[in-house]
Student: 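Supplied in structure tokens, the structure appears directly below.
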Amino acid sequence: YSRQPCTPRSNHTLRGSKLTAVYGSRPALSDVSLELRGLTLVTGPSGAGKSTLARVLAGVLAQDSGEVTLDGRAVRPGDVGLAFQRPEDQLFCDTVLEDIAYGPRMRGVPDALGAARDAAGAIGVGEDLLDRSPFELSGGQMRRVALAGVVAGRPGAYVLDEPTAG
């Protein structure tokens, strides 16, 4: 057994400073600070706030206090790609290709369909699935489609909530 260091492929830094978020009636995050670069795993028991942290870091859930930045700039939705725990919560278009292209379109990627096709190929979503409804797919296929949609948006960082589920 040998341990090899993980070297980041980019120099992007995702930082959360003094994050507090109330989810429902209880605090889900309380004064959390972290600096993420490269591959970082966050573990903890169910209900510890990992999904809330993921949503806050991706800019899709507003924190009650604190700051989230990517390379020193406040994070906006789309800057950090977020793959949800349940892929079916990310799928809503009529076809797989349209679903994968949605994020790039919203981010203003010039060739959104080309970016979608590239991401589909990179993630292992076959051409034969692109014209199908995402709701006709197996759970594993849905997860790949959702991930391809995140990758196609070309964010500066990724947050994967429960990436090994299923």
Side-chain angles (χ1 to χ4, degrees), residues 3-93 99-109 112 115-116 118-120 122-125 134 139-140 142-166:
R3 183 177 175 157
Q4 299 295 320
C6 179
T7 304
R9 290 188 186 177
S10 73
N11 58 2
H12 294 291
T13 300
L14 181 60
R15 181 177 291 127
S17 301
K18 299 185 178 192
L19 299 173
T20 299
V22 176
Y23 191 75
S25 61
R26 64 180 184 79
L29 301 176
S30 181
D31 197 30
V32 173
S33 294
L34 66 167
E35 184 172 304
L36 309 171
R37 182 187 239 153
L39 177 64
T40 303
L41 303 176
V42 176
T43 63
S46 181
K50 299 179 302 294
S51 293
T52 300
L53 177 62
R55 290 182 178 124
V56 167
L57 290 174
V60 298
L61 177 66
Q63 66 273 16
D64 292 298
S65 65
E67 180 181 44
V68 179
T69 61
L70 179 62
D71 299 332
R73 189 175 54 88
V75 167
R76 297 169 307 196
D79 289 345
V80 176
L82 173 64
F84 295 175
Q85 276 185 27
R86 294 171 23 98
E88 56 272 20
D89 292 344
Q90 274 179 265
L91 305 175
F92 49 85
C93 292
D99 233 314
I100 297 171
Y102 182 83
R105 280 197 178 110
M106 294 300 104
R107 286 189 54 99
V109 172
D118 290 346
I123 301 299
V125 176
M142 289 173 92
R143 184 166 294 279
R144 284 193 298 277
V145 168
L147 186 56
V150 172
V151 169
R154 302 178 181 155
Y158 297 91
V159 175
L160 310 175
D161 194 358
E162 298 286 342
T164 60

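Keep in mind the model is a prediction, meaning the values are calculated, not measured. Throughout, numbering of the chain's residues begins at 1 and tracks the sequence.
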Student: Partners of Tyr158 by ring pair (Phe, Tyr, Trp, His ring centres under 6.0 Å), sequence neighbours excluded?
Tutor: none
Student: Contact between Leu147 and Leu160 at the side-chain level, heavy atoms closer than 4.5 Å - yes or no?
Tutor: yes
Student: Using a 3.5 Å distance criterion without hydrogens, assess whether the side chain of Asp64 forms a donor-acceptor pair with backbone atoms of Val22.
Tutor: yes
Student: So, taking the atom named CG in Asp118 and the one named CZ in Arg154, what distance separates them when rounded to the nearest 0.5 Å?
Tutor: 7.0 Å
Student: Donor-acceptor pair, Asp161 side chain versus Ala83 backbone, under 3.5 Å?
Tutor: no
Student: Which atom pair, heavy atoms only, marks the closest approach of Val68 to Gln63?
Tutor: N-NE2, 4.0 Å
Student: Report the C-alpha separation of Leu34 and Thr40 in whole Å, then their side-chain angles, then the decisive distance to 0.1 Å, and conclude whether the side-chain contact (heavy atoms from CB on, under 4.5 Å) test is met.
Tutor: CA-CA 11 Å; Leu34 66 167; Thr40 303; 6.0 Å; no
Student: Give me the atom names and distance for the closest heavy-atom approach of Leu53 to Leu19.
Tutor: CD1-CD1, 4.1 Å
Student: So how far is it from Ile123 CD1 to Arg144 CZ, rounded to the nearest 0.5 Å?
Tutor: 10.0 Å
Student: In this structure, are over 12 heavy atoms from other groups packed under 6.0 Å from Tyr102 atom OH?
Tutor: no
Student: So which atom in Val125 and which in Ala148 form the shortest heavy-atom distance, rounded to 0.1 Å?
Tutor: CG2-CB, 4.4 Å
Student: Any idea which heavy atoms bring Asp79 and Ala74 closest together, and the distance?
Tutor: OD2-O, 3.9 Å
Student: Between Leu14 and Val159, is a side-chain contact (heavy atoms from CB on, under 4.5 Å) present by the stated rule, with each step listed?
Tutor: CA-CA 10 Å; Leu14 181 60; Val159 175; 4.2 Å; yes
Student: Measure from the side-chain N and O atoms of Asp31 to the backbone N and O of Thr20, and report whether any donor-acceptor pair falls under 3.5 Å.
Tutor: no
Student: What's the spacing between Leu91 CG and Arg86 CZ if we round to 0.5 Å?
Tutor: 11.0 Å
Student: For Ser33 and Lys18, indicate whether the former's side chain and the latter's backbone hold a donor-acceptor pair under 3.5 Å.
Tutor: yes
Student: Can you list the residues that meet the side chain to side chain contact (heavy atoms under 4.5 Å, CB included) rule with Thr69, with sequence neighbours excluded?
Tutor: Arg15, Glu67
Student: Could you report the tightest heavy-atom contact between Leu82 and Gln90, atom names first, then the distance?
Tutor: O-NE2, 3.2 Å
Student: Are the side chain of Lys50 and the backbone of Gly44 linked by a donor-acceptor contact shorter than 3.5 Å?
Tutor: yes
Student: Would you say the side-chain atoms of Arg107 pair up with the backbone N or O of Gly153, donor to acceptor, closer than 3.5 Å?
Tutor: yes
Student: What is the minimum heavy-atom distance between Gln85 and Arg143, and which atoms define it?
Tutor: O-NH2, 2.9 Å
